[in-house]
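Remarks on the structure that follows.
Every value quoted in this text rests on a predicted model; they were computed, and no experiment measured them.
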Amino acid sequence: MASILIMPRQGNTVESCIIVNWKVKEGEQVTSETIVCEVETDKATFEIPAGAEGTILKILHDEGDDVPVLSPIAVIGSPGENWQELLVENSLDYTSRKGAETQNSLQEKSHGDTETQRTRRNIEDFSLLRASVPPCDINSNKGISPRAKNLAVKEALSIDTLAGSGPEGRIIERDVKNSLENRPALTAAAKTAGAGNFPQQGTGLNGKITLQDITETPNTQLFSSDDYTETPIKGVRKVISDRMIKSLAETAQFTLNASANVSKLQDIRAKMKASESKITVNDLILFAVSRTLPNFLYMNAHKTGDIIKTFNKIHLGSAVDTSKGLMVPVIRNINLLTLTEISTESKRLASSCQNNSIKPDELSGSTFTVTNLGSLGITNFTPVLNIPEIAILGVCGIEMKPVTSELNNNCCNFEPHIGFSLTINHQVVDGAPAARFLKALCDAVTNIDQLIVEG
């Protein structure tokens, strides 16, 4: 009997996965261990096995599709099996499929159908769902539904380039909504100007397209096609991009900067290096953070809607740069680990990120995040919150700074200092409480030798 392969849930917080590539074709024989496709989330890339032996009867999504978890992605069985009937019997919903707006058009066409009849008709029209439909005639009443036309006019959307997914290529309301989702928002003045060819990015607040953006004609002769390379933003990069915009749009981000004397830290690091210890400067910083946070639990929190969740356990996210993009593995209960254990776990997680073997659950559940750009010579930057967390610490490079000493007749000496950039969500934490945490952290780093002795 045919079986349905669904998009597995890659961790508790993952809602959808992007299909990077299919490693099999329809009609190909597979075993339960055969890797059928590679998918990626905003955190990592994973391979999906067939899970059953047989023939690939149908591939339900294209490469590049963003598929909700637990949705069907392929059907495996014996040649000639009625896989459409199997899907009907299991009442599987196809609205997550690329171009699956046809279901809505069928509902407009026949409100009297039962759910099973509508699903059966969707399956029978599956070839239509995956076909490219040419644009309709704007002036034809048969080419666009009244609701779709009214919405397009209201939102100043040109419909001459829209492809309809309804019966006979008719444009329906869902087609217009999907097009609007991929277009930047317009100011009221830009909407009043009417439909037209809008730029991909506006100059207004949050990237809105303004009237000036559509009235000024860009000089398209400045560059020829040989002067640049176009790279579409997709996959993990697009997910990261969307999350960064969401973070900045939904939180009141505020950054404080300070520095700590690392003379003692460098001495300890030099002794450890001489003894062939693998503990790094970053490990020592993570250790200092893990011992400081328990005294400032208001920094160890999430904001979800109008609820603040303050956590008793410290699950520290440590940002890792990889070829796939930024990943943030989590060191759980870090305040209970020794310096050596923190160093070992940090390196294990970083290595797993870089060789693409990290587990989904190891990339979720952080309560506070540390991101380190100091090794790249950065002396100051503004970290972006890893929402729903309310704070993130940026670790900067080490610089020599002047320090006066009363024990030495107030003479000025230059001593090494490491910079910290702390971004907080000002909706939750005010500047003074955040400054007290940052000062305590700087003191802990300055006196790291005492902190290590205390454990």
What I'd like to find out is whether the side chain of Val39 reaches to under 4.5 Å of the side chain of Pro8, using heavy atoms alone. no
Do Ser357 and Asn355 have side-chain N/O donor and acceptor atoms under 3.5 Å apart? yes
4.5 Å side-chain heavy-atom contact, Ile334 and Glu345: no
Side chains of Ile285 and Leu265, heavy atoms from C-beta outward: is any pair under 4.5 Å? yes
Go through the steps to decide whether Leu441 and Leu393 satisfy the test side-chain contact (heavy atoms from CB on, under 4.5 Å), and finish with yes or no. CA-CA 11 Å; Leu441 176 63; Leu393 179 72; 3.5 Å; yes
Residue pair Pro360 / Phe46, side-chain heavy-atom distance below 4.5 Å: yes
Keeping the roles fixed (side chain from Ser78, backbone from Glu81), state whether a donor-acceptor pair exists under 3.5 Å. no
For Lys246, does the NZ atom have more than 12 heavy-atom neighbours from other residues, nucleotides or ligands under 6.0 Å away? no
Charged N to carboxylate O below 4.0 Å: is that the case for Lys347 and Asp283? yes
Could you measure the distance from the NE2 atom of His61 to the CD1 atom of Ile59? Nearest 0.5 Å is fine. 11.0 Å
Can Asn300 and Lys313 be said to form a side-chain contact (heavy atoms from CB on, under 4.5 Å), step by step? CA-CA 8 Å; Asn300 191 55; Lys313 296 180 178 180; 6.0 Å; no
Enter the distance from Thr310:OG1 to His302:NE2 here, rounded to the nearest 0.5 Å. 10.5 Å
Could you tell me which non-hydrogen atom of Ala391 sits nearest to which non-hydrogen atom of Leu422, and how far apart they are? CB-CD1, 4.5 Å
Show, in sequence, the C-alpha distance, side-chain angles and deciding distance for Leu297 and Ile314, and conclude whether the side-chain contact (heavy atoms from CB on, under 4.5 Å) test is met. CA-CA 9 Å; Leu297 288 180; Ile314 311 295; 4.0 Å; yes
Regarding Thr31 and Thr34, do their side chains bring together a donor and an acceptor under 3.5 Å, going by distance alone? yes
Less than 4.5 Å apart, side chain to side chain, heavy atoms only: is that true for Phe254 and Thr423? no
Minimum heavy-atom separation for Arg269 to Ile279, with atom names? NH1-O, 2.9 Å
Nearest-0.5 Å distance, CG of residue Leu349 to OG1 of residue Thr344: 11.0 Å
Which heavy-atom pair separates Ala252 from Asn425 by the least distance, and what is that distance? N-OD1, 3.3 Å
Indicate the atoms forming the closest heavy-atom contact of Val75 with Ala2, along with that distance. CG1-CB, 4.2 Å
Side chains of Lys309 and Thr367: does their closest heavy-atom pair fall under 4.5 Å? no
Out of Ile331, Asn386, Ile392, which one pairs with Ser366 under the side-chain contact (heavy atoms from CB on, under 4.5 Å) rule? Asn386
Mind checking the CZ-CG spacing from Arg243 to Leu248? Nearest 0.5 Å is all I need. 12.5 Å
Count the heavy atoms of every other residue, nucleotide or ligand shown that sit under 6.0 Å from CG of Leu336, and state whether that count exceeds 12. yes
From Asn282, Asp321, Thr280, residue fulfilling side-chain hydrogen bond (donor to acceptor under 3.5 Å, both in side chains) relative to Asn372: Asn282
Run the side-chain contact (heavy atoms from CB on, under 4.5 Å) test against Val20 and tell me which residues pass, sequence neighbours left out. Glu38, Glu40
With a 3.5 Å distance limit and no angle check, can you tell me whether Ser343 reaches the backbone of Thr340 through a side-chain donor-acceptor pair? no
Set of side-chain contact (heavy atoms from CB on, under 4.5 Å) partners for Ile6, sequence neighbours left out: Ile4, Leu70
Residue pair Pro72 / Leu60: nearest heavy atoms and the distance that separates them: CB-CD1, 3.7 Å
Please report the shortest heavy-atom distance between Ile35 and Val24, naming the atom on each side. O-CG1, 4.0 Å
Taking the six-membered ring for Trp and the full ring for Phe, Tyr or His, determine whether the centres of Phe368 and Phe437 are under 6.0 Å apart. yes
Sidechain-backbone polar pair: His426 side chain, Gln253 backbone, donor-acceptor under 3.5 Å: no
Donor-acceptor under 3.5 Å (Ser179 side chain, Val176 main chain): no
From OG1 (Thr369) to CD1 (Ile387), nearest 0.5 Å: 11.5 Å
Can any side-chain N or O of Thr251 pair as donor or acceptor with the backbone N or O of Ser247 at less than 3.5 Å? yes
Step by step, would you call Ile76 with Ile56 a side-chain contact (heavy atoms from CB on, under 4.5 Å)? CA-CA 5 Å; Ile76 302 172; Ile56 300 294; 3.8 Å; yes
Nearest 0.5 Å, what's the CG-CG distance between Leu316 and Leu286? 6.0 Å
Counting neighbours of CD1 on Ile233 that are heavy atoms of other residues, nucleotides or ligands and sit closer than 6.0 Å, is the number greater than 12? no
Between the side chains of Asn257 and Ser421, is a donor N or O closer than 3.5 angstrom to an acceptor N or O? yes
Would you say Asp65 and Met7 make side-chain contact, with heavy atoms under 4.5 Å? no
I'd like to know if the side chain of Asp175 and the backbone of Ile172 have a donor-acceptor N/O pair within less than 3.5 Å. yes
Answer whether the closest heavy-atom distance between the side chains of Glu47 and Lys23 falls below 4.5 Å. yes
